[in-house]
There are 2 protein chains.
Amino acid sequence: MQVLNSLQDFKAWVREVKKSGRTIGLVPTMGFLHEGHLSLVEQAKAENDFVVMSIFVNPAQFGPNEDFDRYPRDFERDSMLAEQAWVDVIFAPSAEEMYPRKSQLSISAGPLASVLCGASRPGHFDGVLKVVTKLFHLAEPDIAYFGQKDAQQLAIIESLVRDFNFPMEIHRVATVREKDGLAKSSRNVYLSEAERKQAPKLYEALKLGKKAAMQGRDPVSEMKGFLQSETSGVIDYVELLSYPDLTPSPDGQAILALAVQFERARLIDNIIFTLKEN
Amino acid sequence: MQVLNSLQDFKAWVREVKKSGRTIGLVPTMGFLHEGHLSLVEQAKAENDFVVMSIFVNPAQFGPNEDFDRYPRDFERDSMLAEQAWVDVIFAPSAEEMYPRKSQLSISAGPLASVLCGASRPGHFDGVLKVVTKLFHLAEPDIAYFGQKDAQQLAIIESLVRDFNFPMEIHRVATVREKDGLAKSSRNVYLSEAERKQAPKLYEALKLGKKAAMQGRDPVSEMKGFLQSETSGVIDYVELLSYPDLTPSPDGQAILALAVQFERARLIDNIIFTLKEN
């Protein structure tokens, strides 16, 4: 496995692979790897000649009061896990390499960013779109892999690739969960012991909500009541939307999504399912 | 020469060329070709294995009261000229092919679009960025060619490519002029006979302004006075800015640019030069 930090070295490696006609699968991450990331690698490995994992905690997607500084980082552990998963190249640039000058241009997600996490994290998805566009142009992947846990991000990146004709595909990978149902997340390390015990209730709330929605009831109030009684976290949002359009009043493919703020970690989770029309 | 109208056919052709390791030069146009376009082709021909010319009158870059409907079009003449200039492929998609659905995402040029043509054509450069990004992803060129006549567009597209790490280069090509100095433009056909006689005064005004600026005087008022007395057109703007940053009070590389609205044609022109500090 190679670790490349400079854009120049990475682009040279990409050029060589492209020239040889072989394929690249890209797994973009912010590091602090867990089984969710490794399942992306596994799928990328099965579908491409080479797998690139980018590790970059992207300052552009954190708000001024968010957790950029204390986002967990452990490059040694990450590179060991990546090597064990047969990643071919880790691309881990510095912020100076990625953002050498203040950019005047921006990509906006529009209405897709007005709901769910976009509503409580203004500018977040613009930052995601900026770094993802840069990574796609640098890595020139045939396929890039994103987890369904970040379902809004996935929907927005699918729109990006389709609307701007990027010469590549996006593959969705299912959320990986702990045995008790908690979605794997780098931020789970910031849960207190008591919060960690409550955290599986998020997924339980989603399953409750799905049942309510399938029976034609409004799932949101039931879920909010359940979360309030079962956890100490503060509910940021609970929403039922169409997927991947993220519009209200779905009648086909739907997403139930939630965000709960605990003391030091904001957790998100979702389930995507088909609502039958009554 | 091949003419390809569908995205699918065009992408298949691009795939084959890329697989063979050969290079593509892209000349994006809105058709109604003149010598300016052909000089782009000539340079592309000299620097690449294949030259693609796109011909697409992009609805996204015209405002509601602008000249989209009566923008001049003559595909037969264009394809004859392109063939004579040894273009390999004309890519001429329909608007339905390019914009099959309403896009939620947008790219904004930010402050670079707040001056010159951007100030009088709101949304114009967002539309340019949208179509250019799509064309770059479809054609996957090694180099794309743009004329200096559209200097603001050139500056914005150079920023796009640099800030988002597109794996390609932008080459600037000098403005081609009629013998009397008028910059070649597809819109020149809409000048009346009297206006056509006045139109070279735009370039004369720029040369006057450059002389004034080099001598430390403010060129703008002199140029406006000259244009008002020598033409029947209405001045849209005359500005002196840094280039390519497009900020006020330049002291190095500078652009003097103007736009004049005639009865049925809005003409733009500019000169780029180095201002010596006193």
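So you know, we letter chains A, B, ... as the sequences are listed, proteins then strands, and number each from 1. In this text the structure is predicted, and so the values were computed from the model without any measurement.
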Problem - Aromatic contact, B:F166 with A:H137 (centres under 6.0 Å) - result: yes
Fill in the blank from the handout: Comparing B:S108, B:A113, B:A109 against chain A, the one with the most heavy-atom pairs below 4.5 Å turns out to be B:S108
Fill in the blank from the handout: Okay, A:K130 and chain B: the region with an atom under 4.5 Å from a heavy atom over there is both
Exercise for the section: Assert yes or no for the condition that the ring centre distance of B:F50 to B:W13 is strictly below 6.0 Å. Expected result: yes
Completion exercise
Looking only at A:K19, A:M168, A:R15, A:R162, most heavy-atom pairs under 4.5 Å shared with chain B are made by A:R162
Handout entry: A:R172 to A:Y243, cation-pi by 6.0 Å centre distance and 45° axis angle
Key = no
Handout entry: Cationic N near anionic O, under 4.0 Å, A:D88 to A:K45
Key = yes
Problem - Among the listed options A:I107, A:D126, A:L138, the residue most often paired with chain B at heavy-atom distances under 4.5 Å - result: A:I107
Problem - Leading residue by heavy atom contact count with chain A [cutoff under 4.5 Å; candidates B:G21, B:P111, B:S106, B:S20] - result: B:S106
Handout entry: Electrostatic pair A:K149:A:D269 at N-O distance under 4.0 angstrom
Key = no
Practice task
Among the options B:R101, B:K11, B:M98, B:K18, pick out the one with the most heavy-atom pairs lying under 4.5 Å from chain A.
Solution key: B:R101
Handout entry: Salt-bridge contact B:K134-A:D163 (side-chain N to carboxylate O under 4.0 Å)
Key = no
Handout entry: Contacting moiety of A:E140, where chain B heavy atoms sit under 4.5 Å
Key = side chain
Problem - Atom group of A:L135 that falls short of 4.5 Å from chain B, counting heavy atoms - result: neither
